[in-house]
Trainee: 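Okay, here's the structure, questions in a sec.
Everything numeric in this text was worked out from a predicted model, so none of it was measured. First the proteins, then the strands, lettered A, B, ... as listed; each starts at 1.
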Protein chains: 2
Amino acid sequence: MTTVLIADDQPLQRLGFRMLLESQDDMTVLTEAVNGSEAVRLTAELHPDVVLMDVRMPGLDGIEATRRIIASGDRTRVLILTTFDLDEYAYAGLRAGASGFLVKDAQPEELLAGIRAVSTGDAVVAPSLTRRLLDAYAHHLPSGTPADAPEAADPRLASLTEREREILTVMGMGWTNTEIAERLHLAESTVKTHVSRVLAKTGSRDRVQAVILAYDTKLVKP
Amino acid sequence: MTTVLIADDQPLQRLGFRMLLESQDDMTVLTEAVNGSEAVRLTAELHPDVVLMDVRMPGLDGIEATRRIIASGDRTRVLILTTFDLDEYAYAGLRAGASGFLVKDAQPEELLAGIRAVSTGDAVVAPSLTRRLLDAYAHHLPSGTPADAPEAADPRLASLTEREREILTVMGMGWTNTEIAERLHLAESTVKTHVSRVLAKTGSRDRVQAVILAYDTKLVKP
DNA sequence: GAGGGCGTAGTACCCGGGTATTACGGTGGC
DNA sequence: GCCACCGTAATACCCGGGTACTACGCCCTC
């Protein structure tokens, strides 16, 4: 039987979680907390297996509450939930020692599976965030196999021609197609052709994503 | 409709996967491959959305096949499956560019959810491995919580409300208005209102310039 | 000299982004 | 109690961005 503490300032949200968890015969909700400090206090008192922790709460927020619970040496695991998968929240939460990070609009089964996983010592991270974590850190993982390509330049830009790289650079400066055409003495239609090719080659859906890529690859420096 | 290629040397295993996937009305199995080189060749030919890749296969193994598929520049995502969650496999697979790593004894729903996640560009890692990844790397994550850091930041962002800063952040992630609306549970018209206010307050002419500002002010980190 | 990659350019079309305006409920200050 | 601000939302409208397709001249390589 997995014991759970729900920490969320919204009564309806707590109710929803409680209904879901109580419908499972291997879980029970010990109690609820309406803010971070209450969560810390009740955890120290009741030692739940898992704390479902909201990030945004009045007073002590979920991140700081997590940090204190972990620091207490208690064996309680913290699973952070947020409506919003903003990186800073997640990074901060995981740094604080949380065993997981899920978004609230996940499927109920995902949440239940997440609780079971963290209760046994495993960890879970929402897929949307996992992607960003991997993008940022995959190349820092210990190498199990040889054959590392230490990318000369970024592979995502490899297939661009010189001219296309130039176009992408000025896109990164926020120029519109019209401005690019004027300043590079081109027809706007030509600019559009270049832009389309840049998007296709870099796998960018639109201009914004291409600009982000330009920054990420340091083609344009902040 | 998500198109999938199954790469596994065991016929029974392939059959099981095919049965499961074909039972879903949003997935279809394009074809099967019995080893790594076949997987690479068929992927180049058919461009599936997702490759379900076994690690252990005769000839070219799943890791090396993954590396070649990613290196090809194809937009196909690779989801690695293995019987054991041995770290070396996982690290190597993720380094090779895989979008996910799951163990074969996962629940069918987990596998399906994983396929759907990677097909949309997200990523998934088995909980047992996530734990080890976090233990090893959590303290390397970028620091900072949004809660306590009320940005002594850039004056150009000073007049933005909390919500508007959030909107700008996700704009910086390349989300379209439609995506912002969906993921933040807002109406698109509301998103447009927010975006317009952000542009007005930051003096940005359009979305692209706002994103550049987000990078310049480190609101979004490269 | 045939072919291929590249840079240039045009046209037609669609859609998402952005503006302008209005509105309404909640909250906090005075 | 009133007002200001915020977050939410809708509507109508315009225009720039992006796609698809076609085309042509230049240069290089086989």
Trainee: Do A:L81 and A:L111 make a side-chain contact, defined as non-hydrogen atoms from C-beta onward lying under 4.5 Å apart?
Mentor: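 Counting from C-beta outward, A:L81 and A:L111 do come under 4.5 Å.
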Trainee: Could you give the start and end, 5' to 3', of the contact zone on DNA chain C for chain B, using atoms under 4.0 Å from its heavy atoms?
Mentor: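 From 5' to 3', the first and last contacting nucleotides are C:dG17 to C:dT19.
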Trainee: Would you jot down, in residue-number order, the residues of residues 201-211 of chain B having a non-hydrogen atom under 4.0 Å from DNA chain C?
Mentor: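 Nucleic-acid contacts, sorted: B:D206, B:R207.
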Trainee: I want to confirm an ordering. Mapping A:L199 and B:A187 to their closest nucleotides on DNA chain D, which one lands closer to the 5' end?
Mentor: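 Taking each residue's closest nucleotide, the earlier one in sequence belongs to B:A187.
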Trainee: Strictly below 4.0 Å, heavy-atom distances to any atom of DNA chain C: list the hits from residues 189-196 of chain A, or just say none.
Mentor: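 Those residues are A:S189, A:T190, A:T193, A:H194.
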Trainee: If every non-hydrogen atom of A:V198 is compared with every non-hydrogen atom of A:L160, which pair is closest and at what distance?
Mentor: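 Answer, listing the atom of A:V198 first, then A:L160: CA-CD2, 4.2 Å.
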Trainee: Do B:M53 and B:I69 have side chains that approach each other closer than 4.5 Å (heavy atoms only, starting at C-beta)?
Mentor: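 B:M53 vs B:I69: side chains touch.
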Trainee: Could you check whether any side-chain N or O of B:D206 sits under 3.5 Å from a backbone N or O of B:Q209, counting only pairs where one atom can act as donor and the other as acceptor?
Mentor: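 Present.
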Trainee: Separation of B:E188 atom CD from D:dT8 atom C1', in whole Å?
Mentor: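 So the CD-C1' distance, B:E188 to D:dT8, works out to 15 Å.
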Trainee: So for the helix from C:dG1-D:dC30 to C:dC30-D:dG1, with five pairs setting each end axis, what is the inter-axis angle to 10°?
Mentor: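 Comparing the axis at each end, I get an angle of 40°.
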Trainee: Write down the atom of B:V40, the atom of B:R68, and the distance for their closest heavy-atom approach.
Mentor: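 Nearest pair, atom of B:V40 first, then B:R68: CG2-CB, 4.1 Å.
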Trainee: Report each atom pair, protein N/O against N/O of nucleotides 25-28 of chain D, whose distance is under 3.5 angstrom.
Mentor:
none

Trainee: Can you name the nearest heavy-atom pair linking A:A117 to A:V124, along with the distance?
Mentor: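 Closest pair (atom of A:A117, atom of A:V124, distance): CB-CG1, 3.9 Å.
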Trainee: Determine the minimum heavy-atom distance between A:S204 and A:L213, stating which atoms define it.
Mentor: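 Result for this residue pair: OG-CD2, 4.4 Å.
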Trainee: Between A:E188 and A:K192, is there a salt bridge with N-O shorter than 4.0 Å?
Mentor: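 Result for this pair is no, no salt bridge flagged.
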Trainee: Walk me through whether A:T2 and A:Q24 qualify under side-chain contact (heavy atoms from CB on, under 4.5 Å).
Mentor: CA-CA 10 Å; A:T2 302; A:Q24 305 295 305; over 6 Å; no
Trainee: Would you check, one step at a time, whether the test side-chain contact (heavy atoms from CB on, under 4.5 Å) holds for A:T178 with A:V191?
Mentor: CA-CA 8 Å; A:T178 311; A:V191 176; over 6 Å; no
Trainee: Sub-3.5 Å donor-acceptor pair from the side chain of A:E164 to the main-chain atoms of A:T161, do we have one?
Mentor: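 Checked: pair present.
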Trainee: Would you check, one step at a time, whether the test side-chain contact (heavy atoms from CB on, under 4.5 Å) holds for B:R205 with A:T176?
Mentor: CA-CA 10 Å; B:R205 177 178 49 195; A:T176 65; 3.7 Å; yes
Trainee: What are the two closest heavy atoms between B:V211 and B:M171, and how far apart are they?
Mentor: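 Looking at all heavy atoms of both residues, the closest pair is CG2-O, 3.4 Å.
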Trainee: Check whether any side-chain heavy atom of A:D8 lies under 4.5 Å from a side-chain heavy atom of A:L52, and answer yes or no.
Mentor: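 They are not in contact (no side-chain heavy atoms under 4.5 Å apart), so the answer is no.
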Trainee: Who passes side chain to side chain contact (heavy atoms under 4.5 Å, CB included) against B:A113, sequence neighbours left out?
Mentor: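 With neighbours one apart ignored, the set is empty.
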